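By convention in this document, chain letters (A, B, ...) are assigned in the order of the sequence lines, proteins followed by strands, and residues within each chain are numbered from 1. On a predicted model such as this, the values are computed, not experimentally measured, just so you know.
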Amino acid sequence: MNAPRSEFLKVLTERGYIHQTSDFDGIDTAALEGRLTTYVGYDCTGPSLHVGHLLSIMMLHWLQKTGAGKPITLMGGGTTRVGDPSGKDESRKLLTVEQIEDNKTSIKGVFSRFIAFGEGKTDAVMVDNAEWLTKLNYIEFLRDVGRHFSVNRMLSFDSVKLRLEREHELSFLEFNYMILQAYDFVELHKRYGTILQMGGSDQWGNIVNGIDLGRRQGTAQLYALTCPLLTTASGAKMGKTASGAVWLNADMLSPYDYWQFWRNTEDADVVRFLKLFTTLPLDEVDRLGALQGAEINEAKKALATEATALLHGREAAELAAETARKTFEQGALAETLPTVEIASGQLEEGLGVLAAFGPDYAKLVPSMSEARRQVKSGGLKVNDQTVTDDRGVLKLSDLTAEGVIKLSFGKKKHVLLRAV
RNA sequence: GGGGGAAUGUCCCGAGCGGCAAAGGGGGCGGACUGUAAAUCCGCUGGCUAUGCCUUCGUAGGUUCGAGUCCUACUUCCCCCA
């Protein structure tokens with residue numbers, strides 16, 4: 001692999017996005033000529049994408065920014081009806097078509113934060129593979145596409161092999177996923193001149209299948225580029241928090257919580273994440289990375305603010321940073337903490353502490369039983385006072401001068417209960 | 001087609017003579033220590049209208065005062081013979 005000549009691959013290489021490519025020089029040349037039309041596919045299995053998807057979105061961002069080519073975001077409206085078996089032990093429950101459509105609508109919004117859509121040469125477009133997949137004729141499809149796939153070879157792919165080795169069922173439906181994804185690649189080539197598919201390293205097999213199919217059907221040379229699967233320095237899968245995945249949609253994870261997620265990055269990951277998840281120039285990253293000991297916290301704040309600004313906007317990011325500063329560095333009550341409203345009447349009658357923390361109000365803990373357990377281990381606080389009695393009751397007199405009650409779970413998670 | 005084995009706490013792996021909310025790990029969460037980090041140590045890790053009640057051991061039945069444990073059928077997987 002030679003040193004990249006294109007700005008696009010230069011950036012991707014320097015910032016650590018590349019895990020594997022099918023033909024580095026070929027991609028490099030196309031990028032240099034600005035004809036690297038590239039797609040990434042996104043399943044519609046949930047109502048929001050999460051940080052795991054961010055890497056590929058950032059790659060599309062750089063693709064556009066460096067003028068290497070046109071980004072295409074492919075919504076898997078069709079493939080999600082089949083289900084990708086990659087990396088999963090069990091079949092996902094079949095989603096209804098309505099659920100998939102709802103998810104798709106809900107997911108769409110985040111892309112425009114990172115890439116510009118439009119009609120121009122390097123403007124991004126969004127397409128949905130339901131458009132062509134749902135119209136396929138089975139027999140025709142088998143004859144045109146199916147004959148190019150060897151089952152012997154398909155069985156050797158990790159996504160399939162894992163299931164077989166683990167003794168878990170793999171339905172014929174799911175077995176077809178890789179064929180459909182391969183077909184997508186070729187179809188996108190025909191429609192938009194797409195020549196590159198990017199994705200996580202777990203998608204390598206699926207992408208290469210598309211390249212093979214293209215060659216057999218006589219398309220131009222297609223390419224693959226994958227990014228590494230993200231793990232933290234201590235080996236944990238990235239993107240999980242107490243309350244689940246780190247969602248990108250603001251209504252599922254507030255900008256403040258998103259900021260907190262990045263703020264809590266392990267020391268050893270800071271530089272890597274600055275390169276991957278912010279657009280800060282590399283010399284600035286180097287400067288931040290050189291900080292030692294407790295000073296690394298400055299780098300983490302920069303990471304949090306920059307990453308949040310990309311997704312939720314500069315203003316929301318600054319606000320989150322300020323809220324965190326007040327809460328953690330001054331120990332003051334930040335009015336901008338996540339807030340849950342409660343009827344004053346409820347407080348007049350008295351609201352059980354457990355209930356206040358539980359799923360009906362602050363949602364800091366998932367159940368009353370969990371709240372009870374946390375009281376035992378001293379994890380709950382009301383107005384910075386540790387809760388000791390699980391039968392305690394919150395009353396109007398617990399309201400601070402600002403008219404709120406501050407509920408804390410652990411040291412990092414806070415919610416304000418505001419009487420209305 | 002015949003024979004033998006397996007499925008356990010809705011995160012994973014895994015023990016479980018008929019009295020079991022079910023050993024032990026990993027992961028996760030909380031506490032201590034720190035720097036809102038890592039490592040380490042301690043605690044917790046089904047739900048609820050809570051000294052009690054309800055739901056859990058592949059699925060559906062049965063035996064029993066009582067079933068994760070015994071029986072029958074079914075599902076999926078592994079091994080051996082054909």
Whole-Å distance between [N] [atom2] and [X] [atom1]?
{"X": "Asp390(A)", "N": "C48(B)", "atom1": "CG", "atom2": "P", "answer": "13 Å"}
{"X": "Lys413(A)", "N": "G30(B)", "atom1": "NZ", "atom2": "C1'", "answer": "9 Å"}
{"X": "Arg391(A)", "N": "U49(B)", "atom1": "CZ", "atom2": "C1'", "answer": "14 Å"}
{"X": "Lys301(A)", "N": "U36(B)", "atom1": "NZ", "atom2": "P", "answer": "9 Å"}
{"X": "Arg372(A)", "N": "A50(B)", "atom1": "CZ", "atom2": "P", "answer": "8 Å"}
{"X": "Arg263(A)", "N": "A38(B)", "atom1": "CZ", "atom2": "C1'", "answer": "14 Å"}
{"X": "Glu370(A)", "N": "G43(B)", "atom1": "CD", "atom2": "P", "answer": "17 Å"}

If only side-chain N and O atoms count, and only distance matters, is there a donor-acceptor pair under 3.5 Å linking [Y] with [X]?
{"X": "Gln203(A)", "Y": "Gln197(A)", "value": "no"}
{"X": "Thr336(A)", "Y": "Tyr256(A)", "value": "no"}
{"X": "Ser106(A)", "Y": "Asn249(A)", "value": "yes"}

Distance between the [atom1] atoms of [N] and [M], in whole angstroms?
{"N": "G14(B)", "M": "C81(B)", "atom1": "P", "answer": "26 Å"}
{"N": "C11(B)", "M": "C57(B)", "atom1": "P", "answer": "15 Å"}
{"N": "C54(B)", "M": "A7(B)", "atom1": "C1'", "answer": "26 Å"}
{"N": "G24(B)", "M": "U64(B)", "atom1": "P", "answer": "35 Å"}
{"N": "U63(B)", "M": "G46(B)", "atom1": "P", "answer": "33 Å"}
{"N": "C44(B)", "M": "A37(B)", "atom1": "P", "answer": "23 Å"}
{"N": "G43(B)", "M": "C48(B)", "atom1": "C1'", "answer": "23 Å"}
{"N": "C29(B)", "M": "A6(B)", "atom1": "C1'", "answer": "33 Å"}

Remember a base hit wins even if backbone is also touched, and classify [X] as base, sugar-phosphate or nothing at under 4.0 Å, heavy atoms.
{"X": "Ser369(A)", "value": "base"}
{"X": "Lys376(A)", "value": "nothing"}
{"X": "Thr265(A)", "value": "sugar-phosphate"}

Considering only [options], which nucleotide approaches the side chain of [X] most closely?
{"X": "Lys411(A)", "options": "C33(B), C29(B), A38(B)", "answer": "C33(B)"}
{"X": "Ser367(A)", "options": "A38(B), G35(B), G47(B)", "answer": "G47(B)"}
{"X": "Glu266(A)", "options": "U36(B), A37(B), C48(B)", "answer": "A37(B)"}

Side-chain N,O ([X]) to OP1/OP2 ([N]) below 4.0 Å:
{"X": "Ser377(A)", "N": "C42(B)", "value": "no"}
{"X": "Arg373(A)", "N": "G47(B)", "value": "yes"}
{"X": "Lys412(A)", "N": "A37(B)", "value": "yes"}

Does [N] have a Watson-Crick or wobble mate here (both distances under 3.5 Å), and if so which one?
{"N": "A67(B)", "answer": "none"}
{"N": "U40(B)", "answer": "A32(B)"}
{"N": "C57(B)", "answer": "none"}
{"N": "U75(B)", "answer": "A7(B)"}
{"N": "G27(B)", "answer": "U45(B)"}

hbond_proxy Glu329(A) side chain to U36(B) base (donor-acceptor, 3.5 Å cutoff)
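Flag unset: no donor-acceptor pair detected.
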More 5' along RNA chain B: Gly378(A) or Phe328(A), using each one's nearest nucleotide?
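Closer to the 5' end of RNA chain B: Gly378(A).
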State plainly whether the residues [X] and [Y] are in salt-bridge range, i.e. N to O under 4.0 Å.
{"X": "Lys301(A)", "Y": "Glu306(A)", "result": "no"}
{"X": "Arg418(A)", "Y": "Glu335(A)", "result": "yes"}
{"X": "Arg143(A)", "Y": "Glu140(A)", "result": "no"}

Looking at Thr194(A) and Leu188(A), would you say the former's side chain and the latter's main chain have a donor-acceptor pair under 3.5 Å?
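Checking the backbone N and O of Leu188(A) against the side chain of Thr194(A), a donor-acceptor pair under 3.5 Å is found.
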Using the glycosidic torsion, which applies to C13(B): syn (within 90° of 0) or anti (everything else)?
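It is anti.
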